[in-house]
Amino acid sequence: MMNLQAKPVITVFEHSPDEGKGMARDMRVRWALEEVGQRYDVRPVSFASMKEAAHRSHQPFGQIPTYEDGDLILFESGAIVLHIANHHTGLLPQDADARARATSWVFAALSTIEPPIVEREVVEYCEREESWFEQRMSSVDDRLRNRLKDLSHRLGEADWLDGAFSVGDLMTIDVLRRLAGSGLLEEFANLLTYVARGEARPAFKRAFNAQLACFNAASTDCNQSPIANHKESMK
Ligand code: GTB
């Protein structure tokens with residue numbers, strides 16, 4: 001099932017606005033690739049080139065990330081991560097029902113948890129000067145708190161959402177990371193620990209360091225998968 005010869009190529013921001021904090025959606029793709037031990041190359045794209053026809057032929061909305069493996073071109077981080085999980089061992093359980101449940105968590109992360117987080121970011125960055133900013137932020141935070149409360153309740157004292165670490169945890173943790181600095185995650189001790197548990201995984205660290213190297217520039221590391229140097233910690 002594993003094919004470590006072919007190297008997929010993913011697109012990433014040439015200059016990430018998060019300044020290397022790994023908040024853009026290439027991070028979840030990098031993390032998935034690192035978890036399964038698949039080497040990859042990155043193609044940094046500028047904001048201008050993302051909107052050009054060549055990139056749009058891979059990503060109709062002019063966004064990152066994309067994924068290219070031979071003739072297969074994918075967009076949407078969820079589809080990419082699920083493709084990686086389905087074609088390698090390590091991110092999905094063997095049992096068919098457990099695989100389906102892990103997939104449910106990917107969709108929950110993307111369509112139930114991430115939208116109110118993104119909404120909060122939009123309000124914070126785009127509506128700060130509006131007279132109604134405080135009121136709107138407070139109602140967005142309350143909606144988000146409800147989601148976090150339900151997630152926190154479901155996770156309980158467990159390490160991961162449904163047994164062993166899976167693609168569902170990867171996606172959920174990557175989505176929750178976007179709350180860093182908001183103070184909201186701190187209201188749910190088990191979610192804070194959950195995110196830290198994900199970030200402590202060797203694969204996460206390699207992915208994080210790779211995107212940081214990419215941000216740090218003109219660094220020649222940008223187009224290199226770090227897996228080659230860290231095979232010993234691959235599981
Ligand atoms: N649904 C798509 C997916 O999951 O792949 C969404 C892709 C997407 O939103 N891509 C963003 C993008 O290309 C980058 S990740 N934006 C450019 C554009 O739309 O023109 C979103 C993002 C960007 C920056 C930060 N940051 O700096 O903290 C965090 C998240």
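Just follow the structure's listing: the first ligand is 1, and inside any ligand the first atom is 1.
- For the pair Arg177 and Trp31, the cation does not sit on the ring face, since its NZ or CZ is not both under 6.0 Å from the ring centre and inside 45° of the axis.
- A salt bridge is defined here as a Lys NZ or Arg NE, NH1 or NH2 lying under 4.0 Å from an Asp or Glu carboxylate O, and Asp142 with Arg145 meets this definition.
- Salt bridge annotation for Arg136-Glu127: present, with a cationic side-chain nitrogen under 4.0 angstrom from a carboxylate oxygen.
- Pairs passing the ring-ring contact (aromatic ring centres under 6.0 Å, His included) check and including a residue from residues 60-82, sequence neighbours excluded, read Tyr67-His83.
- Taking 4.0 Å as the cut-off between side-chain N and carboxylate O, Glu114 and Arg28 count as a salt-bridged pair.
- Using a heavy-atom distance under 4.0 Å as the criterion, the protein contacts of ligand 1 are Phe13, Pro17, Asp18, Met23, Ala24, Arg25, Met50, Lys51, Gln63, Ile64, Pro65, Glu76, Ser77, Arg178.
- Using the six-membered ring where Trp is involved, His58 and His55 have ring planes that are tilted, between 30° and 60° apart.
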